[in-house]
Peer 1: 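First, the structure itself, so that you have it in front of you.
In what follows, residues are counted from 1 in the order of the sequence shown.
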Amino acid sequence: MSLHTHEADLFERSRGRLEAIAYRLLGSAGDAEDAVQDTYLRWHAADRERIETPQAWLTKVLTNLCLNQLNSARARRETYVGQWLPEPVLDGDRILGPADTLEQRESVSMAMLTLMERLSPNERVVYVLREAFGYSHREIAEILDVTESNCQQIYRRARLHLAAERSRAEIDAVAARKIVEEFLAAALSGDTEPLIRLLADDAVSVADGGGKVTARKTPVIGAMEIAKYLRGMFRPSDSKRALAGGSPAFHAAVVNGGPAVLVEVGEQVIGVICLDATPGGVAAVHIQVNPDKLQRITRQWAAAGPHRPPAEKW
């Protein structure tokens, strides 16, 4: 069935919200856009005159597509090489969605997207729709085809799973740059002590190379161990420059709402290091070097230029 202009316009007005929901559910901007496009195809093929509430219909279709993706992703993660981390997104990208409340901003932080991997697919859907988009339990129950009381129980379980490790520090762009500059100065100093002072005692570092770029396959735990790991990683050498394809420039950026080091060679982003800053220090260091997950942020970074000079350069 061909779309009338008002039906096409209705979908386009919904696209940003659908993309934001899908990104929070899947942790991948590319997969989120694919899910939204599949939703559009189903909207195009549907008997739209019989759809009483288009927005609810679109959300339900998208959610079911994401649930299918989440269920199949669990199987794929078992064969994924090394650690899996979400796709980083530069601040200002539409796919991050609403950022009016602390809950909305927190739900796209790298720390929270990583934590939500521990939730069951249904828990993740309920948590995202309730916390970030303000859906009522009745509305979510209709989307998931469960009872309202069951939805409330799922929500409580999700909050319980996440509560112990949630960090609610608010970081603005100026503070983010200061954190990154301090982190880079410490990492490039060749000494572990400055890094240890910046890190929380029980900090965790996770790297994702996807089997395509060399990256540590197990988490590094504890300030001392992370400091030694980062000291080695940031130590300049000709072999590292050759592997990177040139001398990397280290930029301070705001990624997924938090401070991040953006590593650039030429016009290509080859790494993003997200820092989970808390009052007790940097609690997590998420290192994304999988090139498949850096294509979008490379385009974003190029489009956002010209940039301030790099904070540091080898």
Side-chain angles (χ1 to χ4, degrees), residues 19-38 65-66 69-70 72-97 107-119 124 128 176 180 204-220 230 233 243-246 248-276 284-304:
E19 286 179 350
I21 291 172
Y23 176 65
R24 285 166 167 82
L25 292 179
L26 302 175
S28 163
D31 288 347
E33 288 180 331
D34 289 345
V36 172
Q37 189 59 28
D38 286 345
L65 288 168
C66 290
Q69 182 94 318
L70 286 168
S72 63
R74 288 196 156 198
R76 291 199 306 273
R77 302 277 162 80
E78 292 177 4
T79 59
Y80 192 84
V81 178
Q83 301 294 305
W84 187 94
L85 287 175
E87 179 180 353
V89 178
L90 200 64
D91 251 30
D93 192 311
R94 182 179 73 174
I95 209 162
L96 292 175
S107 67
V108 288
S109 70
M110 191 58 59
M112 181 56 71
L113 288 172
T114 303
L115 276 177
M116 285 196 292
E117 288 294 307
R118 302 179 184 182
L119 301 180
R124 188 161 183 167
V128 165
V180 171
V204 178
S205 176
V206 180
D208 179 354
K212 301 184 177 185
V213 173
T214 301
R216 186 180 172 113
K217 294 180 181 178
T218 56
V220 186
L230 291 173
M233 187 172 73
L243 193 63
F250 302 97
H251 296 269
V254 179
V255 174
N256 289 79
V261 179
L262 194 146
V263 187
E264 182 185 32
V265 173
E267 296 182 354
Q268 181 69 39
V269 175
I270 64 166
V272 175
I273 304 170
C274 294
L275 307 174
D276 181 18
V285 181
H286 296 112
I287 304 169
Q288 183 58 261
V289 290
N290 182 341
D292 293 345
K293 299 182 184 182
L294 297 174
Q295 295 176 13
R296 183 187 188 92
I297 203 167
T298 293
R299 295 193 301 270
Q300 290 177 309
W301 186 248

Peer 1: Side-chain contact, heavy-atom cut-off 4.5 Å: L275 with I273?
Peer 2: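 Touching, per the 4.5 Å side-chain cut-off.
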Peer 1: Between Y80 and D208, is any side-chain donor less than 3.5 angstrom from a side-chain acceptor?
Peer 2: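 D208 and Y80 do have a side-chain donor-acceptor pair below 3.5 Å.
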Peer 1: Please assess R299 against E267 for the test salt bridge (Lys or Arg N to Asp or Glu O under 4.0 Å), listing each intermediate value before the final yes or no.
Peer 2: CA-CA 9 Å; R299 295 193 301 270; E267 296 182 354; over 6 Å; no
Peer 1: Give, for atom CD1 of I297 and atom CD of E264, the distance between the pair rounded to the nearest 0.5 Å.
Peer 2: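 It comes to 11.0 Å.
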Peer 1: How long is the gap from CD1 on I21 to CD1 on I95, to the nearest 0.5 Å?
Peer 2: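 Interatomic distance, I21 CD1 to I95 CD1, rounded to 0.5 Å: 11.5 Å.
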Peer 1: Would M116 and V128 count as a side-chain contact (heavy atoms from CB on, under 4.5 Å) here? Give the steps.
Peer 2: CA-CA 9 Å; M116 285 196 292; V128 165; 3.8 Å; yes
Peer 1: Between Y23 and N256, is there a side-chain heavy-atom distance shorter than 4.5 Å?
Peer 2: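 They are in contact (side-chain heavy atoms under 4.5 Å apart), so the answer is yes.
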Peer 1: Which value, rounded to the nearest 0.5 Å, describes the distance between K293 atom NZ and Q288 atom CD?
Peer 2: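 The distance works out to 5.0 Å.
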Peer 1: First locate atom CD of E117, then atom CE of M112, and finally report the distance between them rounded to the nearest 0.5 Å.
Peer 2: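 Separation between the atoms: 12.5 Å.
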Peer 1: Start with the C-alpha distance between E19 and R94, add both sets of side-chain angles, then the distance that settles salt bridge (Lys or Arg N to Asp or Glu O under 4.0 Å), and finish with yes or no.
Peer 2: CA-CA 8 Å; E19 286 179 350; R94 182 179 73 174; 3.1 Å; yes
Peer 1: side-chain hydrogen bond (donor to acceptor under 3.5 Å, both in side chains) with D34: which residues, sequence neighbours excluded?
Peer 2: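 D34 satisfies side-chain hydrogen bond (donor to acceptor under 3.5 Å, both in side chains) with no residue once adjacent residues are dropped.
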Peer 1: Going through the distances and angles, do S109 and D276 end up as a side-chain contact (heavy atoms from CB on, under 4.5 Å)?
Peer 2: CA-CA 9 Å; S109 70; D276 181 18; over 6 Å; no
Peer 1: Is any side-chain heavy atom of I287 less than 4.5 Å from a side-chain heavy atom of V289?
Peer 2: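 When only atoms from C-beta onward are counted, V289 and I287 do touch, with a gap below 4.5 Å.
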Peer 1: Supply the atom-to-atom distance L26 CG to E33 CD, rounded to the nearest 0.5 angstrom.
Peer 2: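 Answer rounded to 0.5 Å: 11.5 Å.
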Peer 1: How close do I270 and A244 get, heavy atom to heavy atom, and via which atoms?
Peer 2: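 Looking at all heavy atoms of both residues, the closest pair is CD1-CB, 3.8 Å.
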Peer 1: So F250 and L262, side-chain contact (heavy atoms from CB on, under 4.5 Å) or not? Walk me through it.
Peer 2: CA-CA 6 Å; F250 302 97; L262 194 146; over 6 Å; no
